[in-house]
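Inspection log for the structure reproduced underneath, given as structure tokens.
Order of appearance sets the numbers: ligands from 1, and atoms from 1 within every ligand.
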Amino acid sequence: MRITRIRLGRISVPLRVPFKTALRSVDSVEDVVVEVHTDAGTIGYGEAPPTGVITGDTTGAIVGAVQDHIGRAILDRDVDDLEDLLQRVQRSIVHNTSAKAAVDMALWDLYGQLHHIPVYKLLGGARKCIVTDITISVNPPEEMARDARDAIGRGYDCLKVKVGANPALDVERLSAVRRAVGDDVCIRIDANQAWRPREAVRILNAMQEKGLAIEFVEQPVKAQDIDGLRYVTEHSDVPVLADESVFSPEDAMRIMQTRAADLINIKLMKCGGLTNALKIASAAEVYGVECMIGCMLEAKISVNAAVELACAKRIITKVDLDGPVLCSEDPILGGAVFREKEITVSDEPGLGIRGVEPGRIAYID
Ligand SMILES: [Mg+2]
């Protein structure tokens, strides 16, 4: 099975409601779709979102990286030489982790199709179903309380609440959400780098004193401030999860070795795809550090790849794959089934994606 063509397209999927964090506000998913075609007529699918404020990857950069570097590195090569292909993707260009992730997942997709095995089974096959949280955007407290009640009404029992847009309001926001949903709902919070280390400890301790029962806090301080991250980990009772601080497997190793965080958030778009995500998961197994699997604002092709990984590996104990359920529609055919919080992986070979609804993809040729 030889790679004959790399085709790129764009998809646009409206969100149900605007997505707001301490870093940005967005009202639709605008992703690049990568198709890797072969002489056997099969297609491997990948997807990458332009998340400039986190990865630095814009639509133009993703398209350029795939067309000018990553695609050329794998063209005319045999899908069965997977190890060689995956290395070529990573070595073809520095940074550009979203573009690499899209092509990397498409190669795993083709390899699974070639050998008639779903990717989640190829990688370990721990389970078929996972349960995701859902994100509550950062807004005035009463609006967040309403959104949280709506989410519980849709069957979610774990909320990921965005905070940090105005730190003075954060305790109030969380109190409103906790009052709205009661004590049985799991609440994790994500500050998206918004706090300073001492401020983070002060806010987290205030939340604990009020009995808000936060499961963990995600990325309380700046991505590069590893000392600050460790300070929060050491001085707060709330477990700390590193997100923007961990891109590569090397980042993850450094954080685990120095105990700068309690938990690691794996995202395919940060680490450059399933191949590097597997390395992070393996390192985490060695260190006994549980992982969350997360996504950016992504449609179902790339989130589906993350589902395959989550279903393969038990060290991934927390799931934040709400991209598709935040969308108002799903133009992707095949792949995992998302029933609100419950996600069931596909048993089709590869990643199980059959394509995009006709007319929904704008090809870049
Ligand atoms: Mg995060």
In Asp243, which N, O or S atom comes closest to the Mg ion (ligand 1)?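 This turns out to be OD2.
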What N, O or S atom of Asp190 is found closest to the Mg ion (ligand 1)?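 Going through the N, O and S atoms of Asp190 one by one, OD2 ends up nearest to the Mg ion (ligand 1).
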Identify the residue among Asp133, Asp157, Asp322 that makes a side chain to side chain donor-acceptor pair (under 3.5 Å) with Lys341.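 The passing option is Asp157.
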Checking side chain to side chain donor-acceptor pair (under 3.5 Å) against Lys270, which of Asp243, Thr97, Thr55, Thr51 comes through?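 Exactly one candidate clears the test, Asp243.
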Ionic contact status for Glu329 with Arg360, cut-off 4.0 Å: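 Yes, this pair counts.
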Answer yes when Glu348 and Arg354 have at least one side-chain N-carboxylate O distance shorter than 4.0 Å, and no when they do not.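 Looking at Arg354 together with Glu348, the answer is no, because their closest N to O distance does not fall below 4.0 Å.
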I'd like to know if the Mg ion (ligand 1) has an N/O/S atom from Glu218 within less than 2.8 Å of it, counting both backbone and side-chain atoms.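 Glu218 does place an N, O or S atom closer than 2.8 Å to the Mg ion (ligand 1).
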